[in-house]
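Have a look at the structure below, then the notes.
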Amino acid sequence: MNGQNTSLVINSISKSFGGLKVFHDLSFTLNPGEVLGVIGPNGAGKTTMINIISGRLMPTAGEVWLGKQRIDGAPVYLNSQRGLVRSFQQTAILADTSVRDNLVSAIRFSGNNGEVWDLIAPLLDE
């Protein structure tokens with residue numbers, strides 16, 4: 001992760017949405033060079049777990065650590081700068097649309113029209 005010898009530590013995370021408990025007291029450590037596969041049926045909480053690890057969601061309880069830094073609750077962009085990113089199963093937002101228009105749509109719908117747009121806009125005009 002980011003070229004560093006850094007472990008990802010998931011420490012007793014739980015997630016609930018209202019009265020629905022998605023998972024409770026999930027813990028594991030992923031060391032540099034290890035690969036972890038997560039399998040389970042639809043609705044088992046796999047995506048919710050990934051969203052918590054990447055910073056898209058806050059855990060109801062527990063902690064996520066990347067090396068010596070606690071990262072649960074950190075913004076996605078900051079975790080990305082630390083080398084922790086996720087990919088999405090659906091790779092095309094609008095299949096019959098150009099890459100440029102997909103980027104423009106993603107930026108507009110994300111609510112982050114400032115910083116990201118300033119970085120990408122010059123590239124779109126080339």
Inset, instruction - Give the minimum heavy-atom separation between Ser27 and Ser12, together with the two atoms involved. - result: OG-N, 2.7 Å
Inset, instruction - Please answer: with hydrophobic residues joined when any side-chain heavy atoms are less than 4.5 Å apart, are Leu57 and Ile53 in the same cluster? - result: yes
Legend entry - Rounded distance [0.5 Å steps], CG in Asn79 versus CZ in Arg56: 11.5 Å
Distance-only criterion, 3.5 Å: show the donor-acceptor pairs between side-chain atoms of residues 34-50 and protein atoms not counting sequence neighbours.
| residue | atom | partner | partner atom | Å |
| --- | --- | --- | --- | --- |
| Glu34 | OE1 | Asn31 | N | 2.7 |
| Lys46 | NZ | Gly40 | O | 2.8 |
| Lys46 | NZ | Pro41 | O | 2.9 |

Inset, instruction - Side-chain contact test, heavy atoms from C-beta onward, threshold under 4.5 Å: evaluate it for Phe23 versus Ile52 and give yes or no. - result: yes
Legend entry - Interatomic distance, Lys15 atom NZ to Lys21 atom NZ [nearest 0.5 angstrom]: 13.5 Å
Inset, instruction - For Leu84 and Ser54, work out which heavy atoms get closest and say how close. - result: CD2-CA, 4.5 Å
Legend entry - Full working for side chain to side chain donor-acceptor pair (under 3.5 Å) between Asp25 and Ser14: CA-CA 5 Å; Asp25 201 26; Ser14 299; 5.6 Å; no
Residues 60-67, side-chain donor-acceptor partners within the protein, below 3.5 Å, at least two apart:
| residue | atom | partner | partner atom | Å |
| --- | --- | --- | --- | --- |
| Thr60 | OG1 | Ser16 | N | 2.8 |
| Glu63 | OE1 | Asn11 | ND2 | 3.4 |
| Glu63 | OE1 | Trp65 | NE1 | 2.9 |
| Glu63 | OE2 | Arg70 | NH1 | 3.4 |

Inset, instruction - Flag yes if Val22 and Phe28 sit in one hydrophobic cluster, no otherwise; membership is Ile, Leu, Val, Met, Phe, Trp, Tyr, and two members link when side-chain heavy atoms are under 4.5 Å apart. - result: yes
Inset, instruction - Determine, using the 4.5 Å side-chain heavy-atom cutoff (strictly less than), whether Leu26 and Ile71 are members of one ILVMFWY cluster. - result: yes
Legend entry - Shortest non-hydrogen separation from Ala74 to Arg82 and the atoms involved: CB-NH1, 3.6 Å
